[in-house]
Amino acid sequence: MDTLTRIWVYLAGQPLLWLTVTVGAYGLAQWLFRATRELPLANPVLLAVAALVSVLLATDTDYQTYFDGAQFVHFLLGPATVALAIPLYGQAERLRRLWLPIGVALLAGSLTAIVSTLGIGYLMGLDTETLRSLVPKSVTTPIAMGIAEQIGGLPSLTAVLVILTGITGAVLGIPMLRLVGFRDPVAKGFAVGVAAHGIGTARAFSHSEAAGAFSGLAMGLNGAVTAILVPVLLWLTGG
Amino acid sequence: MIPSLFTLLAFQLVGEITVRALRLPLPGPVLGMVLLAVALGLRGGPPEPLGRIARGLLDHLSLLFIPAGVGIIAHLSRVADEWLAITVTILASTAVTLVVSAATLSWLMRRLAPQEE
């Protein structure tokens, strides 16, 4: 028993354990996702997060301890965002031709995301702090957290809501757009990128290269547009 | 492998520094992405190893969001109190945003760029 305690003390103090568990949970979630023939509800992020939260609660581990290990994975978000330049370059020709439709659609989508969140959230009676944390939900985590802080939300809650939105967009996005009658992978990928940032983009890449590239582009641009629009809209509505 | 890794990190670093120096309202890695895309345009395409490392990262983009998602554990009571309103808001707003974005883009593409396929 003493040996077990000593091993646990070692593991609890090192990043290795939670890093390994995170990668393992993702691997398992990926396997389940494939085993269910990519059933949208078996989204790998959703499954892995649910599994990890259960493990942390069961072992009475706090988030900070977990994140000490998981931060190595978290850090890779930055280089991965930069790497989106490569598929984007592959779509350069199309992008040159489509810059005007893309610009206008981006503005429309970004405004819709912000205004519908404010309106529906208010009608649903969300607490002001929760509502303000939810407003930047469609943009990538680091920029969403920055916006939330600026407008009086809770950045750490925003991070979670952004992930939930991403999962929703990834699960709902392409099947719903297909059902409504959209065929073009560019339009579908773009919409998923506007509504559901990087998690949507990850899903769009498994649909097609073009969908993924436009999704990544929409995600990047929407981050910048939302960061400008949110403070302006809140100021206009007297918030 | 090392030059490719260096390229990604260096563009992120330049992005982070520029965003802070000019107080731009966008994340450093997003600016890094734009700058790298421009550089690839000037160079006429990515070198093969850079393409490979980018593929590897992007194939597992989902993994990278998991640590932030687990952060829900710090907000379990708030989420438990407001889960219905949060769920409805996220679902409805995401659905509307998806349709408006896709509809605007495909409508404008047909009107303004009929040469597309």
Side-chain angles (χ1 to χ4, degrees), chain A residues 22 26 44-45 48-49 52-53 56 63 70 73-74 76-86 88-89 97-98 100-101 104-105 108-109 112-113 116-117 120-121 124 126 130 141-143 156-157 159-160 163 165 168-169 173 177 182 184 187 190-191 194-195 199 202 220 223-224 227-228, chain B residues 8-9 11-12 15 25-30 32-34 36-37 40-41 45-46 50-51 53-54 57-58 61-75 78-79 82 85-86 88-102 104-106 108-109 112-113 115-116:
Chain A
T22 301
Y26 173 69
V45 181
V49 167
L52 286 164
V53 166
L56 293 186
Y63 183 59
V73 168
H74 181 75
L76 288 174
L77 267 178
T81 305
V82 176
L84 283 168
I86 284 107
L88 189 58
Y89 169 79
R97 224 161 357 105
L98 296 176
L100 186 60
V104 178
T112 307
S116 65
T117 304
I120 300 166
M124 290 302 296
L126 277 180
T130 311
T141 314
I143 195 162
S156 62
L157 178 61
V160 172
I163 305 292
T165 305
T168 306
L177 290 171
F182 291 102
D184 186 3
F190 177 85
V194 171
I199 299 182
I228 298 165
Chain B
L8 293 179
L9 289 171
F11 273 90
Q12 184 184 353
L26 79 170
V30 170
M33 168 185 84
V34 174
L36 179 57
L40 291 177
L50 181 61
I53 205 172
L57 273 173
L58 295 177
L61 197 53
S62 300
L63 165 67
L64 314 185
F65 290 98
I66 292 171
V70 175
I72 195 170
I73 205 162
H75 298 286
R78 184 182 284 263
V79 173
E82 300 191 82
I86 291 175
V88 171
T89 309
I90 290 182
L91 268 175
S93 167
T94 302
V96 177
T97 305
L98 282 165
V99 172
V100 168
S101 308
T104 316
L105 185 65
S106 29
L108 287 173
M109 281 196 318
L112 300 175
Q115 70 270 39
E116 173 79 358

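Numbered from 1 within each chain, the chains take letters A, B, ... in sequence-line order.
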Q | Set of residues satisfying side-chain contact (heavy atoms from CB on, under 4.5 Å) with respect to Val73(A), sequence neighbours excluded | A | Leu19(A), Val23(A), Leu63(B), Leu64(B), Pro67(B)

Q: Just jot down the side-chain contact (heavy atoms from CB on, under 4.5 Å) partners of Ala95(B), sequence neighbours excluded, or say none.
A: Leu172(A), Met176(A)

Q: I would like to know whether Leu100(A) and Leu108(B) meet side-chain contact (heavy atoms from CB on, under 4.5 Å); could you show each step before the answer?
A: CA-CA 8 Å; Leu100(A) 186 60; Leu108(B) 287 173; over 6 Å; no

If you count heavy-atom pairs within less than 4.5 Å of chain B, which of [options] leads?
options	answer
Gly220(A), Ala48(A), Gly78(A), Gly121(A)	Gly78(A)
Ala202(A), Ala70(A), Pro79(A)	Pro79(A)
Ala108(A), Gly169(A), Pro44(A)	Ala108(A)
Thr168(A), Val45(A), Leu157(A), Leu76(A)	Leu157(A)
Val104(A), Leu56(A), Val194(A), Ile199(A)	Ile199(A)

Considering all heavy atoms, the nearest [X]-[Y] contact:
X	Y	value
Ala187(A)	Leu105(B)	CA-CD2, 3.9 Å
Ser156(A)	His75(B)	OG-NE2, 2.7 Å
Ala85(A)	Leu40(B)	O-CD1, 3.8 Å
Ala102(B)	Leu177(A)	CB-CD2, 3.8 Å
Val53(A)	Ile73(B)	O-CD1, 4.0 Å
Ala54(B)	Ile86(A)	CB-CD1, 3.7 Å

How many angstroms lie between [atom1] in [X] and [atom2] in [Y], if you round to the nearest 0.5 Å?
X	Y	atom1	atom2	result
Ile90(B)	Ile120(A)	CD1	CD1	11.0 Å
Ile66(B)	Leu52(A)	CD1	CG	6.5 Å
Met109(B)	Leu98(A)	CE	CG	6.0 Å
Leu36(B)	Leu88(A)	CG	CG	9.5 Å

Q: Decide side-chain contact (heavy atoms from CB on, under 4.5 Å) for Val82(A) and Leu9(B); before the verdict, give the C-alpha distance in whole Å, the side-chain angles of both, and the deciding distance to 0.1 Å.
A: CA-CA 8 Å; Val82(A) 176; Leu9(B) 289 171; over 6 Å; no

Looking at [options], which makes the most heavy-atom pairs under 4.5 Å with chain A?
options	answer
Ile53(B), Leu57(B), Val34(B)	Leu57(B)
Val70(B), Val100(B), Leu61(B)	Val70(B)
Ala92(B), Ala74(B), Gly15(B), Ala37(B)	Ala37(B)
Pro46(B), Gly28(B), Gly51(B)	Pro46(B)
Gly32(B), Ser106(B), Ser101(B), Gly41(B)	Ser101(B)
Leu50(B), Leu58(B), Leu91(B), Val79(B)	Leu58(B)

**Q.** Val99(B), part contacting chain A, at a heavy-atom distance under 4.5 Å
**A.** both

Q: Could you look at Ile86(B) and say if it's the side chain, the backbone, both or neither that has a heavy atom under 4.5 Å from chain A?
A: both

Q.
side-chain contact (heavy atoms from CB on, under 4.5 Å), that's the test. Do Ser116(A) and Thr97(B) meet it? Break it down for me.
A. CA-CA 8 Å; Ser116(A) 65; Thr97(B) 305; 4.2 Å; yes

Q. When you measure from the side chain of Tyr89(A) to the backbone N and O of Gly45(B), does any donor-acceptor pair fall under 3.5 Å?
A. yes

Q) Contact part of Thr141(A) toward chain B, heavy-atom cut-off under 4.5 Å: side chain, backbone, both or neither? A) side chain

